[in-house]
Amino acid sequence: MLLTLVDKDSFDYSEANHDVILEKQSSCVPLIGDLIKDGHGLSAFNVYRVEGRVFRSKPVRNGEDTDFSSVYLLVSTVSQN
C-alpha cells in the first residue's frame with residue numbers, strides 16, 4: 001500500500017492536488033499519534049506526528065473485493081533539522 005505524508009493544514013478532502021512531503025510503500029499503516037522519521041542521518045532528519053488518516057482505493061468492477069490501495073497520512077511537523 002502507498003503511504004503519502006501530507007501537511008494536515010493544507011490537505012483538502014475534495015481536492016486531489018496537494019503538496020506531498022513523502023511517499024513510501026508499506027504493509028503497515030501508522031496509527032494517529034505515531035511519529036515518522038524522514039531521513040537516515042543522525043543530524044539530518046525530520047520528524048512528523050500522524051494527526052489523521054484518509055484511506056483511498058482505486059475503482060474496481062462491481063462485485064470485486066479490494067484492499068485500500070493508498071493512505072494519506074495527515075501529519076504535523078515535530079522537528080526539522
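Given the structure is predicted, the values throughout are model-derived calculations rather than measurements.
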Undergrad: What pair of heavy atoms forms the shortest contact from Tyr13 to Arg56, and how long is it?
TA: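 Reported closest heavy-atom pair: O-NH2, 3.5 Å.
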Undergrad: So if I apply the side-chain contact (heavy atoms from CB on, under 4.5 Å) rule between Val6 and each of Leu73, Leu74, Val75, which one comes out positive?
TA: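 So the option named by the test is Leu74.
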Undergrad: Between side-chain atoms of residues 21-33 and protein atoms elsewhere (two or more places apart, or another chain), which donor-acceptor pairs fall under 3.5 Å?
TA:
unit_1	atom_1	unit_2	atom_2	d
Glu23	OE2	Thr4	OG1	3.3
Gln25	OE1	Met1	N	3.4
Ser26	OG	Cys28	N	3.1
Ser26	OG	Cys28	O	3.0

Undergrad: Could you measure the distance from the CG atom of Asp19 to the CG atom of Asp7? Nearest 0.5 Å is fine.
TA: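 Output value for this atom pair is 8.5 Å.
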Undergrad: Once side chain to side chain contact (heavy atoms under 4.5 Å, CB included) is applied, do any residues pair with Val78, and if so which ones, sequence neighbours excluded?
TA: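 In terms of side chain to side chain contact (heavy atoms under 4.5 Å, CB included), with neighbours along the sequence ignored, Val78 is linked to Leu35, Val47, Arg49.
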Undergrad: State which residues pass side-chain hydrogen bond (donor to acceptor under 3.5 Å, both in side chains) with Ser76; sequence neighbours excluded, sorted by chain then number.
TA: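 If we apply the side-chain hydrogen bond (donor to acceptor under 3.5 Å, both in side chains) test to Ser76, skipping adjacent residues, the hits are Glu51.
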Undergrad: So if you build clusters from Ile, Leu, Val, Met, Phe, Trp, Tyr with side-chain heavy-atom gaps below 4.5 Å, do Leu5 and Leu2 land together?
TA: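 No; Leu2 is not reachable from Leu5 via cluster members.
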